[in-house]
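Below, read A as the first sequence line, B as the second, and so on, with proteins coming before strands; counting in each chain starts at 1.
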Number of protein chains: 2
Amino acid sequence: MIRRFRGESLHKVDAKGRVSVPAAFRRVLEEGDPDFSRGSYPNFVIVYGGVRSDCLEGYTISSISKVDKLISKLPRFSKDREMLERFINTQSTYMQLDETGRIVLSHRLKEKVGIGDEAIFAGMGEKFQIWEPKNYQNELNALDSSFKKLSEDENPFLKLDQLQD
Amino acid sequence: MIRRFRGESLHKVDAKGRVSVPAAFRRVLEEGDPDFSRGSYPNFVIVYGGVRSDCLEGYTISSISKVDKLISKLPRFSKDREMLERFINTQSTYMQLDETGRIVLSHRLKEKVGIGDEAIFAGMGEKFQIWEPKNYQNELNALDSSFKKLSEDENPFLKLDQLQD
DNA sequence: TAGATTTCCATGATATCCCATAAGATAGCA
DNA sequence: TGCTATCTTATGGGATATCATGGAAATCTA
């Protein structure tokens, strides 16, 4: 089984910016880091730019490579490619879990998404997100209400079955 | 034969949140976990968000993977994909049966659907549901009365055979 | 050398593992 | 057909490991 990021949880951010990454996510990060071996600590990537400017997004090494590969397919020097490279390569950073399964969020990163002394981790399959709790709640509410407004044939759950190959 | 989740049963939830999963369901979970082998204990997924917010829904690994695969076909960063990931990945969690065929429902999960010291398991074919007993009874009653109100050509039993492909 | 960052240790809470038992269910057999 | 032995289930309790988190010491770095 290929493990995916699943679930959501709330964690304290201490004065130094340290946060525990949910234990379940660590397993996914380990599996997703080709250089990981027992006894070491997995590397991964946090993207803070681009589409989602209200949260941070964490990718395993192997899932960010997939994205990188897609970007490489765009014509060199194209506007699109430039933009994606800016958002996904420039505005991102490598991270490493420490011995106790924590990472440290720099002042800059916390500020970027409004994180204070708490953060919510949300699994999103191939990636996960880190949110300031209030913003996260707003996101959920917004999603909920926009879901309720959808007509039957816009419902993504129902569209799923039509994709069936 | 492909086993499906069938039947309903009531189980105690102890102080630690432990509940026995009905023995019949365990067989289905085992068959539905590609990594399962005799001597190990099957993994599966519980979804608590989205459409059904009044009960928990259990999926085998292989049936949730089907869903995951469909979601992965949607464009990364699209609104639809975001919504589905939020409801199906974020608001879900991996589970593993223990040696005695139990799982533990965290405080958060129990609270989400109002479960106290008893829970009802209900088979639903490809998935099963976990309910607080009173809520379950209400659900049954509501279903019953809305069924009675249907006209002949709305009756799903009669529509069934028309779908035949 | 002051402030920031990283490493190392400490602790309470939670989750997991291991063992135990009683009630059913099933099988075997006379 | 009735009786006993065996297995499976549902459930409980205690021991142990893991997790989330905080603080102190060591190391950078500007």
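Taking 4.0 Å as the cutoff to heavy atoms of chain A, we find the contact window on DNA chain D bounded by dC19(D) to dA24(D).
Counting non-hydrogen atoms under 4.0 angstrom, V21(B) reaches the backbone sugars and phosphates but no base. Nucleic acid contact class of R108(B) (heavy atoms, under 4.0 Å, all strands): none.
Placement of V47(B) and W131(B) in two distinct hydrophobic clusters is found when ILVMFWY residues are connected by side-chain heavy-atom separations under 4.5 Å, directly or transitively. The hydrophobic cluster containing M95(B) does not contain Y59(B), counting ILVMFWY residues as joined when their side-chain heavy atoms lie under 4.5 angstrom apart, directly or transitively. Cluster membership for F157(A) and L74(B), using ILVMFWY side-chain heavy atoms within less than 4.5 angstrom, is shared.
Looking only at distances, no side-chain donor or acceptor of Y48(A) sits under 3.5 Å from a matching main-chain atom of C55(A).
If you check residues 125-135 of chain A against DNA chain D, you find no residue with a heavy atom closer than 4.0 Å.
Side chains of I130(B) and I46(B) form a contact here, defined as non-hydrogen atoms less than 4.5 Å apart.
For the residue pair S106(B) and R108(B), no side-chain donor N or O sits within less than 3.5 Å of a side-chain acceptor on the partner.
Of the charged side-chain nitrogens involved, none lies within less than 4.0 Å of a carboxylate oxygen, so that E30(A) and R26(A) do not count as a salt-bridged pair. Salt-bridge annotation for E126(A) and R81(B): present, with a side-chain N of the basic residue lying under 4.0 Å from a carboxylate O of the acidic one.
Here the two rings, on F87(B) and F147(A), have centers that are under 6.0 Å apart.
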Shorter than 3.5 Å, N or O on both sides, protein versus nucleotides 12-21 of chain C: list them out with atom names.
none

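Using the six-membered ring where Trp is involved, F25(B) and F128(B) have ring planes that are tilted, between 30° and 60° apart.
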